[in-house]
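The block underneath contains the structure these notes are about, expressed in structure tokens.
Whatever order the structure lists ligands and atoms in, that order sets their numbers, starting from 1.
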Amino acid sequence: MAKPKTQGHIPDLTIVVPTFNERENIRPLVALLEAALSDVAWEVVFVDDDSPDGTAKEVRALGREKSYVRVVHRIGRRGLAGACIEGVLSSVAPIVAVMDADLQHDETRLPVMLGEFRKDQTVDLVICSRNVEDGSSGTGLSAFRKWGSDLATSMARRALKITATDPMSGFFMVKRESFNTVVLSLQQQGFKILADMLSASKGAWNIREVGYTFRERQFGESKMDSAVTVEFLSLLAVRMTGGLVSIRFILFMIVGLSGLAVDLLVLKGLLATVIGTFWVAKTVSVIAAMTSNFVLNNSLTYRDRSLRGAAFFRGLLSFYAVCAVGAVANVSVASAVFGVLNSQYVLLAGFTGALVGALWNFVASSLVTWKA
Ligand code: GDD
Ligand code: MN
């Protein structure tokens, strides 16, 4: 076989940068990395979820100029944690960093973080923290977000028994071998991959922290929204149940409970006003609940594969069909349980039916309505 013309670039450090609509930040970030990492064999991998602003195209153009710039272009998927995981897995380097594209993370800390691994071979993870002596949230967060971030940090530290000072950080460096020991249990959905990794490592990792000041975003806007908060709370629940359930399952159940509230409120409202017949009012309230469940699941539980346009309406119809079968299962199971148990177990029979119906709805809708 002929030898390749150019010797490939073999990195000691891969920097994984998840991106969504960050086109204008790509070149400035690479320039900053070049300045900060002159003594290291490094590469940067942008993991882009098919950003409408053409971020992936911009990275490919830059990759034609610089062999150490790569892209992982994901289609039909969304999510920060999943993007980071894929980026890390795409690298051959022994040490991998994760940082934001928007220049909020101080790239001059990268050689310092790398130094921690060089000083001590047993280090598994180095976190860039805003909450140690020489770190700060600077002007990077509004007062409200700073408060939310501090609250999430203290919750994560208590609930997940994390000792690190900034488990919410999106800026860290991890040894590839160590990452590989936890990757199978990491949640793809969500924003807080570091907190998840820390919890998955069960306190067994040798962790170092390096301070940094969180800067203001340069171009574009933050993707942090209220759904991120709900996802984070679900992540805590996932970890507290020992990984028995997924973030998606918890979100689906929360939405299901909200549907119960919609059902009852609409029923009561209709009976008090325009509809006198109970079964008619109940039919309308059930349809209202299914519709609201569909809309919420589409924008929260399945926001990584949210249905739009015509697919939205096809999805809605298939969701009605799934829920109809779920309702039959609910009634049948509840009746069967009621039949074998003593009549004082009415609630238990009802609950068992509802649980089976909900499980059916979850599994069937993930296979039919929001199939990957
Ligand atoms: N591929 C991909 N897919 N990337 C995403 C997605 C997504 O769905 N959502 C966000 N990103 C990318 C953004 O383009 C950015 O590069 C990075 O992830 C962080 O998103 P921001 O929207 O800038 O988040 P932030 O600044 O509010 O919060 C970040 O910094 C905090 C402090 O370190 C995050 O990293 C937080 O987790 C962190 O707490
Ligand atoms: Mn940011």
Side-chain angles (χ1 to χ4, degrees), residues 15-26 28-30 32-33 44-56 58-59 71-88 90 97-107 109 127-132 135-142 144-153 155-156 164-173 187-198 209-229 231-232 235 302-306:
I15 298 144
V16 171
V17 183
T19 56
F20 194 75
N21 285 344
E22 304 283 2
R23 183 171 43 88
E24 288 172 294
N25 288 314
I26 302 300
L29 177 63
V30 171
L32 290 174
L33 292 175
V44 56
V45 179
F46 292 93
V47 187
D48 185 62
D49 289 352
D50 205 25
S51 303
D53 78 345
T55 302
E58 175 77 356
V59 178
V71 65
V72 172
H73 186 160
R74 309 200 305 167
I75 306 273
R77 278 178 291 166
R78 268 302 300 277
L80 181 50
C84 295
I85 293 170
E86 273 186 51
V88 176
S90 83
V98 171
M99 77 189 288
D100 290 0
D102 54 9
L103 318 182
Q104 291 195 278
H105 291 157
D106 180 356
E107 71 292 339
R109 308 312 281 162
I127 302 171
C128 240
S129 168
R130 292 162 290 187
N131 306 329
V132 289
S136 114
S137 291
T139 50
L141 290 183
S142 65
F144 178 68
R145 267 208 64 185
K146 170 89 173 69
W147 174 81
S149 176
D150 289 346
L151 180 67
T153 299
M155 286 175 67
T165 60
D166 195 359
M168 299 299 125
S169 177
F171 190 18
F172 57 87
M173 208 178 261
Q187 291 289 312
Q188 301 266 342
Q189 202 171 6
F191 223 65
K192 302 299 177 188
I193 182 178
L194 179 63
D196 199 18
M197 249 170 46
L198 286 167
E209 296 190 293
V210 168
Y212 85 107
T213 302
F214 195 55
R215 297 189 295 223
E216 261 172 75
R217 182 179 253 280
Q218 291 295 308
F219 306 100
E221 48 197 54
S222 171
K223 280 93 210 169
M224 158 91 194
D225 56 18
S226 45
V228 168
T229 311
E231 277 172 352
F232 170 69
L235 174 65
Y302 285 97
R303 71 183 187 133
D304 52 335
R305 34 182 128 128
S306 202

Quick one: nearest non-hydrogen protein atom to [atom], plus distance?
{"atom": "atom 18 (O) of ligand 1", "result": "L80 CD1, 3.2 Å"}
{"atom": "atom 37 (O) of ligand 1", "result": "K192 NZ, 3.0 Å"}
{"atom": "atom 20 (O) of ligand 1", "result": "F191 CZ, 4.0 Å"}
{"atom": "atom 6 (C) of ligand 1", "result": "F20 CB, 4.0 Å"}
{"atom": "atom 3 (N) of ligand 1", "result": "D49 OD2, 2.7 Å"}
{"atom": "atom 31 (C) of ligand 1", "result": "F214 CZ, 3.9 Å"}

Taking all non-hydrogen atoms of both residues, which atom of [X] and which atom of [Y] are closest, and how far apart?
{"X": "L80", "Y": "P18", "value": "CD1-CG, 3.2 Å"}
{"X": "V47", "Y": "G87", "value": "CG2-CA, 3.6 Å"}
{"X": "V45", "Y": "S90", "value": "CG1-OG, 3.9 Å"}
{"X": "R130", "Y": "S137", "value": "CD-OG, 3.6 Å"}
{"X": "T213", "Y": "G138", "value": "CG2-CA, 3.9 Å"}
{"X": "D100", "Y": "G170", "value": "OD1-O, 4.1 Å"}

Hey, which atoms in ligand 1 end up nearer than 4.0 Å to a heavy atom of [X]?
{"X": "D102", "result": "23 (O), 26 (O)"}
{"X": "R217", "result": "21 (P), 22 (O), 23 (O)"}
{"X": "E22", "result": "13 (C), 14 (O), 15 (C), 16 (O)"}
{"X": "A101", "result": "16 (O)"}
{"X": "R145", "result": "25 (P), 27 (O), 28 (O)"}
{"X": "Y212", "result": "33 (O)"}
{"X": "T19", "result": "1 (N), 2 (C), 4 (N), 14 (O)"}

Looking only at N, O or S atoms, which one in D102 sits nearest to the Mn ion (ligand 2)?
OD2

Within a strict 4.5 Å, meaning less than it, do heavy atoms of the F191 and L235 side chains meet?
no

Identity of the nearest option to atom 32 (C) of ligand 1, non-hydrogen atoms only, from M224, E221, Q104, R130
R130

Closest to atom 30 (O) of ligand 1 by heavy-atom distance, out of D100, V47, V16, is D100

Result of checking R23, E24, E22, E58 against D53 for side-chain contact (heavy atoms from CB on, under 4.5 Å)
R23

Check the orientation of H105 and Y212. Use parallel for under 30°, tilted for 30 to 60°, and perpendicular for over 60°.
perpendicular

Taking N or O atoms only and a 3.5 Å limit, does [X] qualify as a polar contact for ligand 1?
{"X": "R78", "answer": "yes"}
{"X": "M168", "answer": "yes"}
{"X": "K223", "answer": "yes"}
{"X": "P18", "answer": "yes"}

Examine ligand 1 and decide if any of its atoms is less than 4.0 Å from a heavy atom belonging to F171.
no

Less than 4.0 Å is my threshold; does some heavy atom of H105 fall inside it relative to ligand 1?
yes

Would you find a donor on one side and an acceptor on the other, under 3.5 Å apart, between the side chain of [X] and the backbone of [Y]?
{"X": "Q187", "Y": "D196", "result": "no"}
{"X": "N25", "Y": "P28", "result": "no"}
{"X": "Q104", "Y": "R215", "result": "yes"}

Decide yes or no on side-chain hydrogen bond (donor to acceptor under 3.5 Å, both in side chains) for N131 and S129, but give the supporting numbers first.
CA-CA 5 Å; N131 306 329; S129 168; 4.9 Å; no

Is there an N/O/S atom in S222 that lies less than 2.8 Å from the Mn ion (ligand 2)?
no

Pair D49 + K223, salt bridge at N-O below 4.0 Å:
no

